[in-house]
Amino acid sequence: MSAPLKLYNTATRAVSEFKPLVPGNVGIYLCGATVQAPPHIGHVRSGVNFDILRRWLLASGFDVTFIRNVTDIDDKILQKSVTEAMPWWAIAMKYERTFTEAYRALNVLPPTYEPRATGHITQMIELMQKLIEKGAAYAPGNGDVYLEVRKLSSYLTLSNQKLDDLQSAEDTENTFKRDPRDFALWKSAKPGEPSWPTPWGDGRPGWHIECSAMAHTYLGENFDIHGGGLDLIFPHHENEIAQSQAAGYGFANIWMHNAWVTASGEKMSKSLGNSLQVHELLNKVRGIELRWYLGSAHYRSMLEFSFEALEESAVNFRRIEGFLKRAIEVLGYRPDPVIAPEFAAAMNEDLAVPQALALISENVRLGNTAVNSGDTAVIATQASEIRGALGILGCDPFDPIFASDSGVSSQVLDGLVALALEQRKAARARKDFESSDAIRDQLAAIGVIIEDTAAGTRWSIN
RNA sequence: GGUCGGAUGGCCGAGAGGCGAGGCUCAGGACUGCAAAUCCUGCCACACGGGUUCAAAUCCCGUUCCGACCUCCA
């Protein structure tokens, strides 16, 4: 490829050339879901954004090891366990499935591995042991284990804060901390809650330890990219860095954070709560259209959600899809995906998807003009470039994951529509437009849209 | 209080000293029996006040407004 890939690094607040630790290989750790509720579109925006990164790295010739964790134990899961009267592990699995389904509906590639927190207790204990040995962490004796942040040589470098400037936590009930800013690596067992044995007593993981342990397990002491939502910078990622570096690991080279989905300017999870769940929106638009929408803004920009914007975005996508369908009808085959140099240049500039979208629009325009004039060479070129771009964005309509059902039922459908179109054609031939329009209206009423073209009448399902 | 990010045409959304972003909507036009689809044309915006410059949405200074995080939110 021509120009090198450049990425924004939250740690340096700058866009710089991406150089993997091992040439040709990229290790990515993405903070995945805490499975305590079904995913809303903010969750999957993160999934989609990093999926685009992954696909682009793959297309650029890298081998990518992509780790996306599932945090299947935390306070809220335990709360849900009470309110939903189910074991905590059943809650976790129930919601993990909803995430898996959402990712699948949006064509987010399955990670190379998807570790669960509770499957890595051993690694967490090892990490804590190391931290205690090095004097970075302490076990006050009640079963908790804390990281002593005052002792760290550096802390809060990612969020650029000063320890003393932080508003102190309100809950002063915890008297086991040496400093209110120390955070729990491990929490002592409370009655009725799940726990695992450790040298310091029975308990369960704190929030941050699992990611450090799992990233270390699968990607090693140093790896290339760590990603997640903007809101994870502090405390989650700061604490991951603190733990890992105190243990002597280099940890992540580049930190990437996606911005939120907002509504009326506010972070969606605040203003709309859980109302924008993925499965709800999939009743309004197809998965490929929702993905197109979520991927269309730059990953570091807030995406201002509205149903109108979603619908507009879907209309835009259907125009692209419409050209591809027409192109294939004219050509008689599916042009193979090709990565246009301009598209590559845009993607290499910190994944400038909006610029890439403008290029696709140009491709569509040129392609449609070529369809009108019958210039098959141009049609093929434009269609190939569009498919190449859509493939990276995870929105290729011919991706099998988006394939609509085929088989017997669609054969019958083809036949029925063809029958109706024959009738209409006959009516038009005898200038009986009243009848022909009636057929068109009736088809439209059941969701079959028809278009008369120079090459004949084509139809599609609305 | 600390840290970080915004403010762009009716809407979404890029860009970042001069050269049209793009999409959606809308208004004309071409094509069509009429539609639909498609193409063409138009709508020329950058929170406010100063300044620098031949030239500022873009740089500098100041102001206003909005949002996020501050120890279990993507």
Side-chain angles (χ1 to χ4, degrees), chain A residues 10 13 30-34 36 39-47 49-50 71 73-77 147 149 156 159-169 171 177 180-184 187 205-208 227-236 238-239 257-262 264-271 293 296-298 300-306 308-317 319-320 322-323 326 346 352-362 364-365 367-369 371-373 428 431 433 436-437 440-441 444 449-454 457-458 460:
Chain A
T10 306
R13 312 269 169 193
L30 174 63
C31 283
T34 300
Q36 35 143 312
H40 60 238
I41 53 172
H43 294 118
V44 289
R45 181 186 185 193
S46 180
N49 284 159
F50 283 96
T71 296
I73 177 92
D74 93 314
D75 288 357
K76 283 183 185 166
I77 293 171
L147 197 79
V149 296
L156 306 178
S159 59
N160 193 29
Q161 298 177 98
K162 291 191 179 72
L163 195 53
D164 294 315
D165 289 340
L166 295 182
Q167 279 182 356
S168 50
D171 61 302
K177 288 183 181 178
R181 276 93 175 183
D182 291 349
F183 63 90
K187 297 181 165 192
W207 178 30
H208 318 293
L230 211 50
D231 44 1
L232 295 182
I233 293 175
F234 184 86
H236 187 54
E238 290 288 12
N239 288 351
H257 294 94
N258 64 280
W260 300 293
V261 177
T262 57
S264 304
E266 290 191 348
K267 190 179 176 188
M268 196 213 72
S269 55
K270 291 209 159 185
S271 50
Y293 174 65
S296 63
H298 187 86
R300 286 193 282 119
S301 296
M302 303 294 170
L303 176 61
E304 172 66 16
F305 177 85
S306 70
E308 293 73 19
L310 174 62
E311 185 53 38
E312 283 176 6
S313 172
V315 167
N316 174 222
F317 182 74
R319 175 166 166 267
I320 299 165
F323 163 66
R326 253 169 269 132
V353 172
Q355 286 177 31
L357 262 42
L359 295 168
I360 294 173
S361 291
E362 179 71 2
V364 171
R365 210 192 91 241
N368 277 324
T369 301
V371 167
N372 292 341
S373 65
R428 291 180 74 204
K431 306 256 188 240
F433 296 121
S436 69
D437 289 352
R440 183 170 64 198
D441 291 345
I449 305 301
I450 64 178
E451 298 163 23
D452 295 320
T453 74
T457 300
R458 57 192 302 275
S460 57

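Any value given below was found using the heavy atoms of this structure, including those in side chains, with hydrogens, waters and symmetry copies removed. Chain letters run A, B, ... following the sequence lines, proteins first and then strands; every chain starts at 1.
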Using a cutoff of under 3.5 Å, can you pull out all pairs of nitrogen or oxygen atoms linking the protein to nucleotides 2-4 of chain B, with atom names and distances?
{"unit_1": "B:G2", "atom_1": "O2'", "unit_2": "A:D165", "atom_2": "OD2", "d": "3.2"}
{"unit_1": "B:G2", "atom_1": "N2", "unit_2": "A:Q161", "atom_2": "OE1", "d": "3.0"}
{"unit_1": "B:U3", "atom_1": "O3'", "unit_2": "A:N160", "atom_2": "ND2", "d": "3.4"}
{"unit_1": "B:U3", "atom_1": "O2'", "unit_2": "A:S159", "atom_2": "O", "d": "2.5"}
{"unit_1": "B:C4", "atom_1": "OP1", "unit_2": "A:N160", "atom_2": "ND2", "d": "2.9"}

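With both pairing distances under 3.5 Å, B:G9 is matched to nothing as a Watson-Crick or G-U wobble pair. In this structure B:C48 sits in a base pair with B:G62, meeting the Watson-Crick or G-U test at under 3.5 Å. Here B:C43 sits opposite no nucleotide as a Watson-Crick or G-U wobble pair (both hydrogen-bonding atom distances under 3.5 Å). B:G67: Watson-Crick or G-U partner is B:C4, with both key distances under 3.5 Å. The nucleotide B:U38 finds its pairing partner in B:A30, both defining distances of the Watson-Crick or G-U wobble pair being shorter than 3.5 Å. Base pairing analysis places B:U53 opposite nothing; no Watson-Crick or G-U wobble pair with both distances below 3.5 Å involves it.
Between the side chains of A:R319 and A:N368, no donor N or O sits under 3.5 Å from an acceptor N or O.
In this structure, the nucleotide among B:U71, B:A36, B:C34 sitting nearest to the side chain of A:L163 is B:U71. Nearest nucleotide to the A:W260 side chain, out of B:U71, B:A35, B:A68: B:A68. Side-chain proximity of A:R326 to B:A37, B:G33, B:G67: nearest is B:A37. Picking from B:G33, B:C39, B:C73 the nucleotide with the shortest atom distance to the side chain of A:W207 gives B:C73.
The side chain to side chain contact (heavy atoms under 4.5 Å, CB included) check on A:N239 picks up A:Y155, A:F183, A:H208, A:P235, with sequence neighbours excluded. When the side chain to side chain contact (heavy atoms under 4.5 Å, CB included) test is applied to A:H43, the partners found at least two apart in sequence or on another chain are A:P39, A:H40, A:F99. Under the side-chain hydrogen bond (donor to acceptor under 3.5 Å, both in side chains) criterion, A:R300 pairs with A:D350, not counting sequence neighbours. The salt bridge (charged side-chain N to carboxylate O under 4.0 Å, His left out) search around A:D441 returns none, not counting sequence neighbours. The side chain to side chain contact (heavy atoms under 4.5 Å, CB included) search around A:Q36 returns A:T34, A:D74, A:K76, A:I77, not counting sequence neighbours. Taking A:T453 as the reference, A:A455, A:R458 meet the side chain to side chain contact (heavy atoms under 4.5 Å, CB included) condition, with sequence neighbours excluded. By the salt bridge (charged side-chain N to carboxylate O under 4.0 Å, His left out) test, A:D452 pairs with A:R424, A:R428, sequence neighbours left out.
Distance check on atom C1': B:C43 versus B:U8 gives 16 Å, rounded to whole Å. B:G10 and B:A27 are spaced 13 Å apart, taking the C1' atom of each and rounding to whole Å. B:U52 and B:C61 have their P atoms separated by 15 Å, with the value rounded to a whole Å. Rounded to whole Å, the P atom of B:C4 lies 46 Å from the corresponding atom of B:C39. For the P atoms, the distance from B:U25 to B:A37 is 9 Å, rounded to whole Å. Atom P of B:G13 sits at a distance of 23 Å from the matching atom of B:G17, rounded to the whole Å. Distance noted for atom C1' between B:A74 and B:G62: 36 Å (whole Å). Comparing the C1' positions of B:U63 and B:C40 gives an interatomic distance of 45 Å, to the nearest angstrom.
The residue among A:C31 and A:S436 whose nearest nucleotide of RNA chain B is located toward the 5' end is A:S436. Annotation: of the two residues near RNA chain B, A:K76 and A:I450, the 5′-most nearest-nucleotide partner is A:I450.
With rounding to the nearest 0.5 Å, the separation of OG in A:S46 from CH2 in A:W260 is 12.5 Å. The structure places OH of A:Y293 at 6.0 Å from CD1 of A:I41, a figure rounded to the nearest 0.5 Å.
With hydrogens and angles ignored, no donor-acceptor pair under 3.5 angstrom links the side chain of A:R45 to the base of B:A74. Judged by distance alone, with hydrogens and angles left aside, A:R300 brings no side-chain donor or acceptor close enough to the base of B:G5 to form a pair under 3.5 Å.
Here A:V44 lies out of heavy-atom contact (under 4.0 Å) with every strand. Counting any heavy atom pair closer than 4.0 Å across all strands shown, A:D452 reaches a base atom. Within 4.0 Å (heavy atoms only), A:K431 reaches no atom of the nucleic acid at all. Backbone-only engagement by A:G228 is indicated by non-hydrogen atom pairs under 4.0 Å involving sugar-phosphate atoms exclusively. Among the heavy atoms of the strands, none lies under 4.0 Å from A:N49.
At B:G5, none of the side-chain N or O atoms of A:K267 fall inside 4.0 Å of OP1 or OP2 (strictly under the cut-off). Between A:N368 and the phosphate of B:C39, there is a side-chain N or O to OP1/OP2 separation shorter than 4.0 Å.
Judged by centroid separation below 5.5 Å and plane tilt below 30°, A:F433 stacks onto the base of B:G33.
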- Message: Working note: A:F305 + A:M268, criterion side chain to side chain contact (heavy atoms under 4.5 Å, CB included); need CA distance, chi angles, decisive distance, verdict.
- Response: CA-CA 8 Å; A:F305 177 85; A:M268 196 213 72; 5.6 Å; no

- Message: Treating primed atoms plus P, OP1 and OP2 as sugar-phosphate and everything else as base, which nucleotides of nucleotides 12-24 of chain B get B, S or - for protein heavy atoms under 4.0 Å?
- Response: SSSS-----BSBB

